[in-house]
Structures are given as structure tokens and as C-alpha cells.
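Heads up: the structure comes next, in C-alpha cells.
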Number of protein chains: 2
Amino acid sequence: MPTHYNGTAREKRALNAWIKFKRAGITLGSRIGDSLRTFNLTESQFAVVELLYHLGPRNLSEISEKLLCTGGNLTTVVDNLEKQKLAKRIPSKTDRRQYEIHITQKGKKQIEKLFPAHLRRIVDEFSVLSASEQEEFSRLCKKLGLGNTNKNK
Amino acid sequence: MPTHYNGTAREKRALNAWIKFKRAGITLGSRIGDSLRTFNLTESQFAVVELLYHLGPRNLSEISEKLLCTGGNLTTVVDNLEKQKLAKRIPSKTDRRQYEIHITQKGKKQIEKLFPAHLRRIVDEFSVLSASEQEEFSRLCKKLGLGNTNKNK
DNA sequence: TATTGTTATACTCTATAACTATA
DNA sequence: TATAGTTATAGAGTATAACAATA
């Protein structure tokens, strides 16, 4: 979808980049998300379980920080994971306000079964880019994600 | 968030690119989405109204094709736009199964009020990249979005 | 007082399948 | 028979604000 907007070159460049970015996000997201849905996991749920698998137990605050979502939200996602017995809450011994969220054995097995196919899918999607293009792409995404935090606008 | 995954260089490269991509999508999306929410528009609703504004009336099939969502889904989004009187359904004269979705005067005003700020936000977010980086980024996103459609894997 | 997490509330999105009306 | 769109259904995510328990 071209922009159909008559702005300055600078505006058109940014708008075009944003649109391409969003569309790539939708299409890749749905292609990659499909491979998760066959395991009865939503992307949010997968993100949490995968984080626990690779980083170990974390409390809700830490997870919400990593995954950039609100606390009340994460309660729901973790609730749904507990229903599926893929994660569990364990009260913290040091701070009785906190829970540590742990991945369960079933969750580990699920990730181990699912991750290779998931990874294959990702490698496949990115194989349209050369190695150096992928690296450049990562670099640009990172820069965009960090934003102009030190520009103090 | 680094990948914490010990795979081949190829796998790590793709996984890293995917994670950076997703995170940039979340952070940029929320920063840019905020500017829409102040106008009581969700991103989906904005996408539809903006499309109608810039491309003119379209029927539901055409919109769902452009925005990559399902039909039943779009019914809901357009319903919500009609409630806000930002869009309206007009029965097609040539094919009585179809509706043309039109933007309303109120919708046009809304876009005209909202779009400059929205655009400024996007230009600002992308200003962390140089002009040529933005162009390279668009190119890479486009390539990713199209996927390996002619690889017939 | 501040923090961790839950609850309550309410809405939006999303998909699927069955359905209506029309072509 | 096929197509355009709605309806019904159901679930998942999202945010906000008020709240309880603990620090």
C-alpha cells in the first residue's frame, strides 16, 4: 500500500518506512504465529513461557518489563498459562508480596517440542535476506526501538 | 533481550533479527498508537478510516484484503466506526450484496485534525535513522513481508 | 508511603462456522 | 453454486482504577 500522501520527502520517507514496517509485522507475525497456534499457544503466552524457559523464574514485574505489557494484563496471561499447566506461581520466600513464575515440566516439554519448528519457521522467513541484510535489519530495528531517548525532545 | 539460544550462526542471526523486529514493533506501535488513542481511535479503526480517506470508498472485501484481516472481523471494526459516526455503509447500486464503506464528514475532519500530529510522531520516531537507512529499512521490510513466495518450499 | 499483584470493569480485536441474501 | 457480508460464539488481549497485603 503506497502512502498516497503528498508531504515533504522527509515525511514520505518516514511514512513509507512505517507502513512497510507495520505490514511486514502483520504478515510475518501471522505466518510465525500460526506455527504457535498449532500448539494451542497465543503469541503472548508463548512469549512468557519462552522467557521463563530461557531466563528462568521471574516475578510478574520483571516479566511485564521485559515483554512491555501492563501488570493487570500479565495476570490474565499467566492465569491462562496456569490453566494449561504450562506455568505456575510460587510465593516468594523473601518478599511475601511477590510470586515467582516458574515454567512447569509440561511447559518445558512444550517448548522443547515447539521451539525447533518455531525457529525453523523464523530462519525460513528471514532467509529472503542475506546474512548481512539480517544484521543490518537487526541494527536498524534496535535503533528504532530504543528511540531518541537521549534527544530530550 | 538477547536470544539466550545456542544454535547455529544462521539460527542466531534470524532469531535475533526476529526478536529485535518484534520489540521495535511493540515499542514503536505503542508510542505511535498513543497519539491515536487521544483521538479515541484504535489502530484498527484508524487504519480503516485512513484508508478510506486516502483511497476513497471501498467495500469490505477490499478493505479486509488491504488490511490483512478477516471479514467477520472487519464487520466489528466498521460497526464501531459507525457508532462513532466516522464511517458509514452505503448499499452498492450495482451489486445488492455489497456495501461501500464511506468516510463521513466527521471522519474526514477527524483525520485532518489527527493526521499531521500522527505524521509528526512517525517522522520523529524514524529520525533516529538517516534518510538512506530509512530507505534501506523500507526495502528490507518489504522483502520480508513479501516472503519467499516464489521459492515454493 | 510505596510496591506487588489481583480484581473489577469494560472494550476491542480475533477467528470460525453457520447463515442470509444476492449473483 | 459461488460470493458479500452478518451473526453467533467464544476466547484472548488490553488498559485503567481501585484494592489488599506487605515492605
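Labels below follow one simple rule: chain letters A, B, ... track the order of the sequence lines, proteins then strands, and each chain is numbered from 1. Quick caveat: nothing in here was measured; it's all calculated off a predicted structure.
- By the side-chain contact (heavy atoms from CB on, under 4.5 Å) test, Lys106(A) is found to be paired with Lys85(A), Leu86(A), Thr104(A), residues two or more places apart in sequence or in another chain being considered.
- The phosphate of dT7(C) has neither OP1 nor OP2 within less than 4.0 Å of any side-chain N or O from Thr75(A).
- Interface residues of residues 93-103 of chain B facing DNA chain C, ordered by number: Asp95(B), Arg96(B), Arg97(B); criterion, heavy-atom separation under 4.0 Å.
- Applying the ring-ring contact (aromatic ring centres under 6.0 Å, His included) test to Phe21(A) and every residue at least two apart in sequence or in another chain returns Phe21(B), Phe137(B).
- In this structure, CD1 of Ile26(A) is placed 13 Å from P of dC13(C), rounded to the nearest angstrom.
- For DNA chain D, the contact window with chain A, defined by any atom under 4.0 Å from a protein heavy atom, covers dA12(D) to dA23(D) in 5' to 3' order.
- In this structure, the side chain of Arg23(B) does not engage the main chain of Cys141(A) through any donor-acceptor pair within 3.5 Å.
- Ring geometry for Trp18(A) versus Phe126(B): interplanar angle over 60°, hence perpendicular rather than tilted (30 to 60°).
- Considering only residues two or more places apart in sequence or on other chains, Thr75(B) meets the side-chain hydrogen bond (donor to acceptor under 3.5 Å, both in side chains) condition with none of them.
- Cluster note: Leu68(B) groups with Ile26(A) through ILVMFWY side-chain heavy atoms spaced under 4.5 Å, whether in direct contact or through intervening members.
- Aromatic rings from His118(A) and Phe39(A) are positioned such that their centres are separated by 6.0 Å or more.
- Taking every heavy atom of residues 36-48 of chain B and every atom of DNA chain C, pairs under 4.0 Å involve Thr42(B), Ser44(B), Gln45(B), by number.
- Evaluation of the side-chain hydrogen bond (donor to acceptor under 3.5 Å, both in side chains) rule for Glu112(A) yields Tyr53(A) as partners, not counting sequence neighbours.
- In this structure, Leu74(B) places its CG atom 15 Å from P of dT12(C), rounding to the nearest Å.
- Interatomic distance, OG of Ser44(A) versus CG of Leu67(A), reported as 8.5 Å (0.5 Å rounding).
- Applying the salt bridge (charged side-chain N to carboxylate O under 4.0 Å, His left out) rule to pairs touching residues 25-34 of chain B yields Arg31(B)-Glu125(B), Asp34(B)-Arg37(B), sequence neighbours excluded.
- Atom CD of Glu135(B) and atom OG of Ser130(B) lie 8.5 Å apart (nearest 0.5 Å).
- The salt bridge (charged side-chain N to carboxylate O under 4.0 Å, His left out) analysis of residues 88-105 of chain B, with sequence neighbours excluded, yields the pairs Asp79(B)-Arg89(B), Glu82(B)-Arg89(B), Asp95(B)-Arg97(B).
- Residues Leu60(A) and Cys69(B) each lie close to DNA chain C; by heavy-atom proximity, the contact nearer the 5' end of the strand is made by Leu60(A).
- Rounded to whole Å, atom P of dA15(C) lies 10 Å from atom CG of Leu68(B).
- Using a 4.0 Å cut-off on heavy atoms, the residues of residues 76-89 of chain B that approach DNA chain D are Arg89(B), listed by number.
- Neither OP1 nor OP2 of dT14(C) sits under 4.0 Å from any side-chain N or O of Thr70(B).
- Taking the salt bridge (Lys or Arg N to Asp or Glu O under 4.0 Å) definition, one finds that Lys143(B) meets it with Glu133(A), sequence neighbours left out.
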